[in-house]
Amino acid sequence: MTIRTLLADDSKTELDVLCYLIQKNSLPLEVATAANGEMALKKLEEAPFDLLITDIKMPFLDGLSLSREALRLHPDIKIVISSGYQDFSYAKTAISLGVEEYLLKPIVPDQFLQLMHRLCRKIEAEAE
């Protein structure tokens, strides 16, 4: 099963790192990217995604608002928020939305891969 994944981050470096980790480790993810929340929302409106990995602070539409809209459009989507901010209010809001994980930047490859394997298993199990 290929898991349709949308990566949203205004940092090209962060997007490149995530794409590299996904490709290098042969994760079963079909990846689309967006450079801001507004672009990500357009992609979510155009097609269904299984997984959204979004930065919390982006221009035009932040990661929390994007997550809210993603869940409205695709109630079964799994969401991971990544952030360089250790602000408890962000994490609390993310939890109330039902996101799967709140990852702190910089991304630790081993933690990211463990999370992706867990989410892939969860998405595949729910699809069966």
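Between atom CG of residue Leu51 and atom CG of residue Leu6 there is a gap of 9.0 Å, rounded to the nearest 0.5 Å. Rounding to the nearest 0.5 Å gives a distance of 12.0 Å between CD of Glu69 and CG of Leu52. In this structure, the separation between CE on Met39 and CG on Asp10 is 11.0 Å, given to the nearest 0.5 Å. In this structure, the separation between CD1 on Ile79 and OG on Ser67 is 4.0 Å, given to the nearest 0.5 Å.
Nearest heavy-atom pair, Asp9 versus Ser82, reported as atom, atom and distance to 0.1 Å: OD2-OG, 4.3 Å. Shortest non-hydrogen contact noted between Ile77 and Ala70 is CG2-O, 3.9 Å.
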Cut-off 3.5 Å, no hydrogens considered: what does the side-chain donor-acceptor table look like for residues 23-34, sequence neighbours left out?
{"from": "Asn25", "atom 1": "ND2", "to": "Leu21", "atom 2": "O", "distance (Å)": "2.8"}
{"from": "Glu30", "atom 1": "OE2", "to": "Arg4", "atom 2": "NH1", "distance (Å)": "2.9"}

Anything under 3.5 Å between a donor and an acceptor, one on a side chain of residues 53-65, the other on a protein residue two or more places apart or in another chain? List them.
{"from": "Asp55", "atom 1": "OD1", "to": "Lys105", "atom 2": "NZ", "distance (Å)": "3.2"}
{"from": "Lys57", "atom 1": "NZ", "to": "Tyr90", "atom 2": "OH", "distance (Å)": "2.7"}
{"from": "Asp62", "atom 1": "OD1", "to": "Leu64", "atom 2": "N", "distance (Å)": "3.0"}
{"from": "Asp62", "atom 1": "OD1", "to": "Ser65", "atom 2": "N", "distance (Å)": "2.7"}
{"from": "Asp62", "atom 1": "OD1", "to": "Ser65", "atom 2": "OG", "distance (Å)": "3.2"}

Using residues 109-118 as the side-chain source, report each donor-acceptor pair under 3.5 Å to any protein atom, sequence neighbours left out, with the distance given to one decimal.
{"from": "Arg118", "atom 1": "NH2", "to": "Glu101", "atom 2": "OE1", "distance (Å)": "2.9"}

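Note on Leu18: it does not cluster hydrophobically with Leu44, by side-chain heavy-atom contacts below 4.5 Å among ILVMFWY residues. Under the 4.5 Å side-chain heavy-atom criterion for Ile, Leu, Val, Met, Phe, Trp and Tyr, Val80 and Ile22 are members of the same hydrophobic cluster.
Applying side chain to side chain contact (heavy atoms under 4.5 Å, CB included) to Ile81 and the options Val99, Thr93, Leu103, Ile95 leaves one that passes, Val99.
Checked against side chain to side chain donor-acceptor pair (under 3.5 Å), Glu128 has no partners two or more places apart in sequence or in another chain. Qualifying salt bridge (Lys or Arg N to Asp or Glu O under 4.0 Å) partners for Glu14, counting only residues two or more places apart in sequence or in other chains: none. In terms of the side chain to side chain donor-acceptor pair (under 3.5 Å) criterion, Lys92 has no residue partners (sequence neighbours excluded). Judged as a side chain to side chain donor-acceptor pair (under 3.5 Å), and not counting sequence neighbours, Asp76 has no contacts. Residues meeting the side chain to side chain donor-acceptor pair (under 3.5 Å) test with Glu38, sequence neighbours left out: none. Contacts of Arg121 classified as salt bridge (Lys or Arg N to Asp or Glu O under 4.0 Å), with partners at least two apart in sequence or in another chain: none.
Applying the side-chain hydrogen bond (donor to acceptor under 3.5 Å, both in side chains) test to residues at least two apart or on different chains, none of the pairs has a partner in residues 41-53.
Within the 4.5 Å cutoff, the side chain of Leu119 has no heavy atoms near those of the Ile3 side chain.
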